[in-house]
Amino acid sequence: MASSGAVPFWRAAGMTYITYSNICANLVRNCLKEPYKAEALSREKVHFSLSKWVEGKPEKPTVRSDTPGQ
């Protein structure tokens with residue numbers, strides 16, 4: 001039985017928790033002073049690999065590095 005009581009404000013605003021969390025993290029990083037700000041921004045980079053599957057077997061993975069906001 002679901003409660004119809006108080007709803008978190010991020011959900012009431014139509015956001016997911018991940019979106020809310022990312023907004024808060026950006027605000028905190030932007031409030032930092034140097035050199036802490038540059039260090040925090042460098043940790044924002046994302047590295048991941050993608051593998052395409054052909055006939056049930058993975059091909060060689062490609063490594064990607066993305067920086068949010070670019």
Side-chain angles (χ1 to χ4, degrees):
M1 177 188 227
S3 172
S4 63
V7 176
F9 64 90
W10 50 267
R11 185 164 312 270
M15 291 188 230
T16 64
Y17 182 75
I18 297 296
T19 303
Y20 165 72
S21 177
N22 285 336
I23 290 170
C24 291
N26 269 337
L27 289 171
V28 170
R29 281 191 291 268
N30 288 333
C31 291
L32 293 173
K33 293 182 179 180
E34 293 297 341
Y36 307 107
K37 185 175 188 174
E39 184 180 331
L41 289 174
S42 72
R43 286 191 302 257
E44 191 177 34
K45 295 177 183 169
V46 179
H47 305 284
F48 58 96
S49 65
L50 296 171
S51 294
K52 186 175 181 180
W53 288 68
V54 177
E55 298 178 4
K57 296 181 182 179
E59 292 183 344
K60 184 178 177 183
T62 58
V63 178
R64 292 198 49 189
S65 297
D66 290 343
T67 304
Q70 286 186 351

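Just so it is clear, the values below take in all heavy atoms, side chains as well, and ignore hydrogens, waters and symmetry mates.
Here Trp10 sits in one hydrophobic cluster together with Phe9, Met15, Tyr17, Tyr20, Ile23, Leu27; the rule is ILVMFWY side chains under 4.5 Å apart, joined directly or through other members. Taking Ile, Leu, Val, Met, Phe, Trp and Tyr as hydrophobic and joining them when side-chain heavy atoms fall under 4.5 Å apart, one finds Val63 isolated, its cluster having no other members.
A distance of 12.0 Å separates NZ in Lys60 from OG in Ser49, rounded to the nearest 0.5 Å.
The side-chain contact (heavy atoms from CB on, under 4.5 Å) check on Glu34 picks up Lys37, Ala38, with sequence neighbours excluded.
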